[in-house]
Amino acid sequence: DSQVGMWPGTAATEAKIVDTQTSYVVPLQFDLFNEKNKPLAIRHLVENIKKHNYTLTTGFIGTPYLNLVLSDNGYDDVAYKLFEQTAYPSWLYPVLQGATTIWERWNSYTLVNGFGPVDMNSFNHYSYGAIEEWMIAYTLGIQRDEEQPAYKHIILQPRIGGTFSFIRGHYDSAYGRIESGWQIQKKGYIYEATIPANYAIFAKSGSLVPQQANKDRPHMPPRYAPSNRSAGRALPVTAASSRPEESANGFRVRTAKLRS
């Protein structure tokens, strides 16, 4: 067909190449690429981010999934660079302009130009705050077991990265508070987690980059093998107050507190 349907129902006479962060992020998030095109999409996404000097070009649709897709595909280092970016547009740029909430626009207010257009300029707008999902799941490493809803089973696998010397935080699940945190030491690092009673957790050993080995993606290490990338460093976790039960996924532990 020589016509390509376009929103909101108009048509173009020829196809148009779309090379945006969102154009790669959304289909990657929902696993819409085939095996041949997926590594190409990941590569183009990372190249696009680098081309924009590690700043965001996503809006309400792409922003929630951007860092999730990067970490899911072995690019924790890129995700951390985006997270810590202070140039416009980025999550921290509004903070330097005086923000104490999440804004509707990256530049709802600037010290140079003042307030943005009033027709789209909420100063209490959650959308870009969706980065919290990545913060919980990857910087803290608190992830759910999809076969056990509501965090009844927890997967703990934090990704150490960025310029942080430590990260600590918690998630209040339906079963109680889950705390997780790590701190860089002169030699190595310490990881601690506190979980509610009667919980089943999976503390992943080896590399904390959950990736499948793939001949088409040589930059990606085998699943849970030691990683030589700059982020997602290996973080072996052992139980301090219980006897771990070994499983194919690492260590299944029933305990109240962990320390590695």
Side-chain angles (χ1 to χ4, degrees), residues 25 29-31 60 63-73 76 79-80 82-83 91 100-102 124-162 164-184 189-211 223-224 231-260:
V25 165
Q29 173 68 16
F30 294 99
D31 200 24
F60 291 168
T63 300
Y65 309 125
L66 179 56
N67 274 24
L68 295 174
V69 164
L70 289 169
S71 285
D72 282 344
N73 291 282
D76 291 317
Y80 267 104
L82 285 173
F83 184 56
W91 282 287
T100 57
T101 57
I102 298 294
N124 191 6
H125 210 85
Y126 172 73
S127 299
Y128 295 143
I131 185 62
E132 184 180 8
E133 181 178 359
W134 176 81
M135 294 166 63
I136 296 293
Y138 290 97
T139 68
L140 293 179
I142 301 173
Q143 300 187 22
R144 67 189 185 281
D145 180 350
E146 294 186 357
E147 296 181 359
Q148 298 289 334
Y151 290 86
K152 179 61 177 176
H153 288 186
I154 319 167
I155 298 171
L156 298 176
Q157 51 177 12
R159 312 288 181 87
I160 296 177
F164 296 96
S165 59
F166 74 95
I167 286 181
R168 288 193 297 269
H170 67 268
Y171 174 75
D172 289 321
S173 74
Y175 295 95
R177 175 164 292 188
I178 307 165
E179 298 179 359
S180 177
W182 50 265
Q183 183 173 5
I184 301 293
Y189 29 80
I190 292 176
Y191 173 67
E192 292 184 308
T194 303
I195 63 174
N198 301 316
Y199 245 87
I201 72 167
F202 294 83
K204 300 290 189 182
S205 61
S207 172
L208 298 181
V209 185
Q211 304 157 352
R223 184 174 177 83
Y224 303 122
R233 284 171 279 172
L235 184 57
V237 179
T238 56
S241 57
S242 70
R243 184 171 299 169
E245 173 190 347
E246 289 194 36
S247 69
N249 293 322
F251 292 98
R252 181 175 180 177
V253 189
R254 293 182 182 274
T255 183
K257 190 169 184 177
L258 294 176
R259 182 184 176 91
S260 68

Asks: Are side-chain N/O atoms of Thr139 and Tyr80 paired as donor and acceptor at under 3.5 Å?
Replies: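 No pair is found: no donor N or O on one side chain lies under 3.5 Å from an acceptor on the other.
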
Asks: Which atoms form the tightest heavy-atom contact between Tyr175 and Pro149, and what is the distance?
Replies: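 Looks like CE1-O, 4.4 Å.
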
Asks: For the rings on Tyr171 and Tyr151, is their centre-to-centre separation under 6.0 Å?
Replies: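 Yes, the ring of Tyr171 comes within the 6.0 Å limit of the ring of Tyr151, centre to centre.
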
Asks: Which distance, rounded to the nearest 0.5 Å, do you find between the CD1 of Ile178 and the NE2 of His170?
Replies: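 Taking CD1 in Ile178 and NE2 in His170, the distance rounds to 10.5 Å.
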
Asks: So, the side chain of Thr194 versus the backbone of Glu179: is there a donor-acceptor pair under 3.5 Å, distance only?
Replies: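 No: the side chain of Thr194 does not pair with the backbone of Glu179.
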
Asks: Could you tell me whether a side-chain N or O of Asn67 sits under 3.5 Å from a main-chain N or O of Ala79, the two making a donor and an acceptor?
Replies: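 Flag set: sc Asn67 to bb Ala79 pair under 3.5 Å.
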
Asks: Side chains of Pro158 and Tyr191, heavy atoms from C-beta outward: is any pair under 4.5 Å?
Replies: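 Touching, per the 4.5 Å side-chain cut-off.
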
Asks: Could you check whether any side-chain heavy atom of Ile160 comes within less than 4.5 Å of a side-chain heavy atom of Ile184, counting everything from C-beta outward?
Replies: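 Counting from C-beta outward, Ile160 and Ile184 do come under 4.5 Å.
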
Asks: What about Phe164 and Trp182, are their ring centers closer than 6.0 Å?
Replies: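 For Phe164 and Trp182, the ring centres are not under 6.0 Å apart.
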
Asks: Is it true that atom CD of Glu132 has more than 12 heavy atoms of other residues, nucleotides or ligands lying nearer than 6.0 Å?
Replies: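 No, not enclosed.
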
Asks: Pair Phe83, Ile131 - check side chain to side chain contact (heavy atoms under 4.5 Å, CB included), show working.
Replies: CA-CA 8 Å; Phe83 184 56; Ile131 185 62; 3.9 Å; yes

Asks: If I take atom OH from residue Tyr189 and atom CD from residue Gln183, how far apart are they, to the nearest 0.5 angstrom?
Replies: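 So the OH of Tyr189 and the CD of Gln183 are separated by 14.0 Å.
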
Asks: Can you name the ring-ring contact (aromatic ring centres under 6.0 Å, His included) partners of Phe60, sequence neighbours left out?
Replies: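 Counting only residues at least two positions away or on another chain, Phe60 forms a ring-ring contact (aromatic ring centres under 6.0 Å, His included) with His125, Tyr128.
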
Asks: Begin with the C-alpha distance, continue with both residues' side-chain angles, and end with the deciding distance and a verdict on side chain to side chain contact (heavy atoms under 4.5 Å, CB included) for Ser180 and Arg168.
Replies: CA-CA 6 Å; Ser180 177; Arg168 288 193 297 269; over 6 Å; no

Asks: Is any side-chain heavy atom of Phe166 less than 4.5 Å from a side-chain heavy atom of Ile190?
Replies: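 Side chain of Phe166 against side chain of Ile190, heavy atoms only: no contact under 4.5 Å found.
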
Asks: What is the distance from atom CZ of Arg177 to atom CD1 of Ile195, rounded to the nearest 0.5 Å?
Replies: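 The CZ atom of Arg177 sits 15.0 Å away from the CD1 atom of Ile195.
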
Asks: Walk me through whether Trp91 and Thr63 qualify under side chain to side chain contact (heavy atoms under 4.5 Å, CB included).
Replies: CA-CA 10 Å; Trp91 282 287; Thr63 300; 3.6 Å; yes

Asks: Nearest 0.5 angstrom please: Arg144 CZ to Ile155 CD1, how far?
Replies: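 The CD1 atom of Ile155 is 9.5 Å from CZ of Arg144, to the nearest 0.5 Å.
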
Asks: Hey, could you give me the NE2/CD distance between His153 and Gln143, rounded to the nearest 0.5 Å?
Replies: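 Here the interatomic distance stands at 15.5 Å.
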
Asks: If you measure from CG on Leu156 to CD1 on Ile142, what distance do you get to the nearest 0.5 Å?
Replies: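 With rounding to 0.5 Å, CG (Leu156) is 7.0 Å from CD1 (Ile142).
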
Asks: Yes or no on side chain to side chain contact (heavy atoms under 4.5 Å, CB included) for Glu133 and Leu68, after CA distance, side-chain angles and deciding distance?
Replies: CA-CA 8 Å; Glu133 181 178 359; Leu68 295 174; 3.7 Å; yes

Asks: Between Thr101 and Asn124, is any side-chain donor less than 3.5 angstrom from a side-chain acceptor?
Replies: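 Checked: Thr101/Asn124 side chains show no N/O donor-acceptor pair below 3.5 Å.
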
